[in-house]
Structure formats: structure tokens, C-alpha cells
Amino acid sequence: DQTEAGNETLKEDETVYDRFTSIIIEEIDKKHILIKAQKNVLYLKRKRLVEVQALVARADILPDDTVRSNSFLETTIEVLK
């Protein structure tokens, strides 16, 4: 099975890496925060604005202030336009 991402065709087992700059929108408790990020991405040859919200454990925040998406506890992804 294949998916088109941008100008490339990806096989199901391939991974695309990208970075989103996020902000903290809520401190849930001492151990968890809710973050939100928006980014324009090219998908199926069209530019789309994607918003990601994720619940993150503070312990999963790396020393360079990044969080790997596989560390997200709960995620909402929405295409805004």
C-alpha cells in the first residue's frame, strides 16, 4: 500500500519526519501538559493547515525542549483548511 505525501510516494513502512513548534495551552497537573501546534503541510499536492494537540508527560520532554510524537499520551489532529 502506498500514500502520496508532497511530491513523493511513500510505502506504508516508510516514516516522514517533521517538526512542529508548539505552545503550552494548559498545565494539567505537575506531571502533564497540553500542547498545541499548527503547521502548513503539503498533502496530495495541496497546502493544508494542520493543528495538533497532545497531552504530554513532562518526563518525556527532552533536554532540547522537544517531544517525540510516539511519547504523546493523547492526540487530536485536525485539518483546519
Side-chain angles (χ1 to χ4, degrees):
D1 203 19
Q2 295 183 345
T3 302
E4 186 176 326
N7 294 329
E8 300 179 24
T9 301
L10 302 175
K11 295 179 183 162
E12 192 170 307
D13 61 342
E14 291 182 299
T15 304
V16 176
Y17 295 93
D18 203 352
R19 290 180 180 247
F20 284 61
T21 300
S22 64
I23 59 169
I24 298 172
I25 57 173
E26 186 176 348
E27 295 187 39
I28 305 300
D29 55 32
K30 291 182 180 181
K31 294 183 179 183
H32 300 92
I33 58 173
L34 185 62
I35 61 172
K36 179 168 70 171
Q38 292 182 352
K39 185 166 187 168
N40 285 306
V41 296
L42 192 61
Y43 179 70
L44 298 177
K45 299 183 182 180
R46 292 186 58 197
K47 188 173 165 182
R48 312 216 186 234
L49 180 61
V50 176
E51 180 178 87
V52 177
Q53 286 192 32
L55 180 64
V56 176
R58 290 180 190 265
D60 291 332
I61 300 172
L62 302 174
D64 64 353
D65 282 341
T66 60
V67 180
R68 297 193 176 272
S69 60
N70 60 354
S71 297
F72 293 169
L73 301 174
E74 293 181 25
T75 309
T76 303
I77 302 170
E78 186 175 347
V79 178
L80 301 177
K81 64 177 181 175

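Remember, predicted model here, so these are calculated numbers, not experimental data. Sequence positions, counted from 1, serve as the residue numbers for this chain. Below, each value reflects all heavy atoms present in this structure, side chains not excepted, and no hydrogens, waters or symmetry copies.
- Side-chain contact between Lys36 and Ile24 is absent, with no heavy atoms from C-beta onward closer than 4.5 Å.
- Through chains of ILVMFWY side-chain contacts below 4.5 Å, Leu49 is grouped with Leu80.
- Evaluation of the salt bridge (Lys or Arg N to Asp or Glu O under 4.0 Å) rule for Glu26 yields no partner, not counting sequence neighbours.
- Taking a 4.5 Å side-chain heavy-atom cut-off between Ile, Leu, Val, Met, Phe, Trp and Tyr, the cluster of Ile28 extends to Ile23, Ile25, Leu34, Leu55, Leu73.
- Taking CD1 from Ile35 and CZ from Phe20, the interatomic distance works out to 10.5 Å, rounded to the nearest 0.5 Å.
- Taking the side-chain contact (heavy atoms from CB on, under 4.5 Å) definition, one finds that Asp65 meets it with Ile61, sequence neighbours left out.
- A donor-acceptor pair is defined here as one N or O able to donate and one able to accept, closer than 3.5 Å; no such pair exists between the side chain of Lys39 and the backbone of Thr21.
- Across all their heavy atoms, Phe72 and Val67 have their closest contact at CE2-CG1, 3.8 Å.
- Residues satisfying the salt bridge (Lys or Arg N to Asp or Glu O under 4.0 Å) test with Arg58, not counting sequence neighbours, are Glu27.
- Side-chain atoms of Gln53 and Ile77, non-hydrogen and from C-beta on, never get closer than 4.5 Å to each other.
- Taken to the nearest 0.5 Å, the CG atom of Leu62 stands 8.0 Å off from the CG atom of Asp60.
- Contacts classified as side-chain hydrogen bond (donor to acceptor under 3.5 Å, both in side chains) and involving residues 69-81 (residues at least two apart or in different chains) are not found.
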